[in-house]
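Inspection log for the structure reproduced underneath, given as structure tokens.
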2 protein chains.
Amino acid sequence: MAQPEPRKSEGVTKPAIIQEPARFPVTKDVAERAGVSTATVSRVLNGTARVRADKHEAVMKAAEELGFVANGAARALSKRRFMAVGAVVPNIENEAFIRLLSSFQDRLRQEGYTLIAANSGYDIDNVLREATFLIERGIDGLMLVGDIHHPLLHARIERQKIPMVQVFTLSAERACIGFDNAASAARATSYLLDLGHTRIGVISGLRKDNDRGGARVEGIHQALAARGLRMLPEHDVEISYGIGGGRDGFRQMLASGVEPPTAIICGTDQIAFGTMIEARSRGLDIPGDLSVIGHNDSDFAAFLSPPLTTINVHSAAIGRAAGDHLLARMSGRATIRLTEIDAELIVRGSTAPPRSHLRA
Amino acid sequence: MAQPEPRKSEGVTKPAIIQEPARFPVTKDVAERAGVSTATVSRVLNGTARVRADKHEAVMKAAEELGFVANGAARALSKRRFMAVGAVVPNIENEAFIRLLSSFQDRLRQEGYTLIAANSGYDIDNVLREATFLIERGIDGLMLVGDIHHPLLHARIERQKIPMVQVFTLSAERACIGFDNAASAARATSYLLDLGHTRIGVISGLRKDNDRGGARVEGIHQALAARGLRMLPEHDVEISYGIGGGRDGFRQMLASGVEPPTAIICGTDQIAFGTMIEARSRGLDIPGDLSVIGHNDSDFAAFLSPPLTTINVHSAAIGRAAGDHLLARMSGRATIRLTEIDAELIVRGSTAPPRSHLRA
DNA sequence: TCACTTTTTGAAACCGATTACAGGTGACGA
DNA sequence: TCGTCACCTGTAATCGGTTTCAAAAAGTGA
């Protein structure tokens with residue numbers, strides 16, 4: 001078992017053969033092997049200038065044989081281009097953001113850019129932290145969700161002159177791809193009002209540091225006010241995300257003691273699903289006793305019973321447009337500051353006129 | 001409207017004031033402002049060596065005032081560490097992989113590493129392409145899903161000496177964090193057999209280039225064979241992922257004309273959900289007429305009616321362990337080649353003894 | 001063949017941080 | 001006061017590509 005003790009002389013001799021750092025090949029190695037200069041290697045491999053056919057071939061052959069892979073850091077340093085963009089989203093596990101990132105990445109990938117995504121957990125300080133981390137990495141562009149961020153963040157982005165685009169929002173100052181959250185929520189509310197609902201509630205995720213969520217609730221209030229109605233404070237509940245959250249939210253609303261709403265607008269389809277489950281478990285009929293509207297048109301929304309009416313925010317289209325926008329900015333092309341990709345109400349079976357309305 | 005023609009002399013004069021490249025500050029700028037050398041700036045900012053208090057302060061102040069942000073590429077080049085790891089997953093929109101990536105990233109982030117994720121769409125050539133792209137970027141480590149990859153890929157990884165770990169699989173040769181897909185599927189099958197089922201079917205996603213999916217089906221076959229049973233070819237269907245896929249799959253199974261199975265094991269909870277919907281729409285009772293098992297324990301699984309029996313593959317735990325593993329390898333620490341994080345059958349209401357069995 | 005373009009090419013500078021190394025400083029004991 | 005040592009600090013080399021510049025080679029027309 002015991003290793004034989006190495007002979008002393010071996011220890012003294014330089015460990016030539018054994019140690020052999022086995023570094024991976026660099027341009028210089030390729031250049032030597034092909035009998036050209038490193039400049040020529042670079043020219044061949046990047047196609048940046050004409051090179052005589054025989055040398056071209058020699059370089060290709062040498063690179064192939066050595067299994068040469070360019071060092072990205074060195075390239076980024078000399079080109080002053082990192083070929084990567086960053087994105088900070090509130091929650092990487094949320095379907096809307098996944099679709100956003102997925103289409104955003106696809107678009108960038110087409111032009112050779114890499115996406116580095118981070119999540120902030122809906123915390124303004126985390127957005128700053130993660131974005132700074134990405135900026136230090138050297139990203140060439142940045143996508144953020146929403147318009148309200150740490151003031152230091154904007155300063156940092158401007159200082160580094162990093163092209164930035166905000167999504168799911170329309171801001172007065174910065175480049176945005178998105179929609180008017182208040183207006184779209186107001187539209188959904190008007191739809192419910194037109195059906196005859198007057199007691200409308202909302203169950204949303206946490207609204208702290210979340211301008212979109214806040215704007216949506218604001219839009220609902222406005223639409224109600226426009227018809228001389230208002231929402232009871234007990235009908236406005238804020239929960240942590242998810243199906244369980246939806247159940248809790250609705251339970252909480254009922255526990256408040258006031259007369260329950262006849263319609264609820266939920267922050268996500270998951271919350272809407274939870275609300276439906278809780279309502280059903282209490283013997284309520286959907287949509288007869290309670291209409292429910294979700295957000296994002298998740299896979300399962302159309303398959304619930306009844307199928308869920310939901311607001312499709314077109315995450316994938318927004319991601320693609322954000323990619324287009326940043327790619328343009330990064331290559332110095334002109335861009336439109338605001339791109340509106342309107343949210344759309346998909347009416348399915350979970351909404352109907354309220355019973356009271358039918359009776360009247 | 002027309003711009004006034006610029007005076008000729010202006011054209012000749014160098015555009016000094018206007019142009020001003022406005023480069024962002026680099027170490028040298030900080031050094032000058034603080035009256036020290038760049039070496040000291042580096043030492044202060046990284047805390048790599050003691051520096052006299054007054055200089056330390058001067059550097060911090062200068063860096064702050066200039067809004068200095070270190071250039072990641074330069075740092076990566078000189079440290080020969082990129083501080084990023086890559087991951088290639090089959091489908092970024094699949095819940096299991098999202099959880100995997102999310103926990104993997106959290107773990108890495110704790111040690112200052114960045115995750116760069118790519119997806120392959122279950123295509124072996126895409127895995128090669130994306131992984132190569134990441135390697136060129138200079139990643140310090142790599143996570144792959146499954147054990148079967150393009151031979152060139154392994155060669156490339158070895159050549160560049162990049163620590164790599166495979167997840168959701170247990171391979172004979174390479175470092176893995178995962179479980180035995182065949183064994184866990186066999187266990188689920190045995191559970192159904194113990195309930196009295198004899199006609200068991202499977203609906204899975206595409207199995208091409210997907211060793212995990214293949215192994216699972218294999219495990220089911222083995223468990224059946226162990227009791228002298230076998231699966232009808234008509235009961236083995238392969239579909240594209242999703243709820244719609246599940247519906248199609250079950251419809252296809254019924255359309256084949258043979259007697260339908262009394263239990264079905266599905267590749268994902270989405271597929272299981274689709275199967276349940278389709279079965280229900282045909283007047284079948286679950287679990288009375290059909291038992292259904294899913295995979296991954298999605299959020300909604302517990303909330304379906306009946307709640308879905310499913311195999312929890314512990315994606316988050318696997319992601320965390322994969323992070324631990326790579327972090328250890330990247331800092332030269334010893335690691336265990338195989339870590340088994342066993343999948344677990346969560347029994348809920350969608351499985352029960354078959355009617356025929358009860359009658360008997 | 002010669003003068004003059006045009007195309008290819010290599011040497012060396014450069015990107016911006018880290019770090020090996022050598023030199024400088026001050027403290028302390030003799 | 002001097003030597004020694006511990007501790008700081010700056011100079012310069014380094015990482016591995018890209019790119020500028022000027023020289024060399026090749027092509028062109030007379």
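Labels below follow one simple rule: chain letters A, B, ... track the order of the sequence lines, proteins then strands, and each chain is numbered from 1. Hydrogens, waters and symmetry mates are skipped; everything else that's a heavy atom, side chains included, is used.
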- Item | N/O (side chain, A:R52) to phosphate O (OP1/OP2, C:dT7) under 4.0 Å | no

- How close or far is atom P of C:dG16 from atom NZ of B:K79, stated in whole angstroms? 19 Å

- Message: Please report the distance, rounded to the nearest Å, between CG in A:L45 and P in D:dT19.
- Response: 13 Å

- Evaluate the side-chain proximity of B:H149 to B:Q166: yes if any heavy-atom separation is below 4.5 Å, no if none is. yes

- Task: Whole angstrom is fine here: how far is it from CG in B:N46 over to P in C:dA17?
- Result: 11 Å

- Message: Distance criterion of 3.5 Å, no angle test: do you see the side chain of A:R43 paired donor-to-acceptor with the base of C:dG10?
- Response: yes

- Message: Taking the six-membered ring of A:F133 as reference, does the cationic atom of A:R129 (NZ for Lys, CZ for Arg) lie under 6.0 Å from its centre and within 45° of its axis?
- Response: no

- Ion pair check, A:E130 and B:R109, cut-off under 4.0 Å: yes

- Item | Separation of atom NZ in B:K28 from atom P in D:dG10, rounded to whole Å | 15 Å

- Message: Just N and O in the side chain of A:R50: are any of them under 4.0 Å from OP1 or OP2 of C:dT7?
- Response: no

- Message: Exactly one of A:T169, A:V127, A:I124 should register a side-chain contact (heavy atoms from CB on, under 4.5 Å) with A:I148. Which one does?
- Response: A:I124

- Are OP1 or OP2 of D:dG10 and a side-chain N or O of B:K55 less than 4.0 angstrom apart? yes

- Item | Cation-pi geometry met for B:R159 and A:F68 (6.0 Å, 45°) | no

- Query: What's the NE2-C1' distance between A:H56 and C:dT8, to the nearest Å?
  - Reply: 13 Å

- State which of D:dG16, D:dT19, C:dG10 makes the closest approach to the side chain of A:V36. C:dG10

- Query: What's the CZ-C1' distance between A:R137 and C:dA17, to the nearest Å?
  - Reply: 14 Å

- 5' precedence on DNA chain D between B:R80 and B:V51 (nearest-nucleotide basis): B:V51

- Tell me the side-chain hydrogen bond (donor to acceptor under 3.5 Å, both in side chains) pairs involving residues 82-94 of chain B, sequence neighbours left out? A:S102-B:E93

- Query: Rounded to the nearest Å, what distance is computed from the CZ atom of residue A:R81 to the P atom of nucleotide C:dG16?
  - Reply: 15 Å

- Task: Scan residues 70-77 of chain B against DNA chain C and write down, sorted by residue number, each residue with any heavy atom closer than 4.0 Å; if none is found, say none.
- Result: B:A70, B:N71, B:A74, B:R75, B:L77

- Task: Using a 4.0 Å heavy-atom cut-off across all strands, classify B:V41 as base, sugar-phosphate, or nothing.
- Result: nothing

- Task: With ring-ring contact (aromatic ring centres under 6.0 Å, His included) as the test, would you mind laying out the steps for B:F97 and B:F104 before giving the verdict?
- Result: CA-CA 10 Å; B:F97 299 128; B:F104 183 60; over 10 Å; no

- Query: Roughly, in whole Å, what's the span from CG in B:D54 to P in C:dT25?
  - Reply: 15 Å

- C:dC15 OP1/OP2 closer than 4.0 Å to side-chain N/O of A:S78: no

- Message: Please classify the nucleic acid contact of B:T40 as base, sugar-phosphate, or nothing, using heavy-atom distances under 4.0 Å.
- Response: sugar-phosphate

- Item | Short N-O contact, A:K61 and A:E57, less than 4.0 angstrom | no

- Task: Report the nucleotide, chosen from C:dG10, C:dT18, D:dT18, that has the shortest atom-to-atom distance to any side-chain atom of A:A39.
- Result: C:dG10

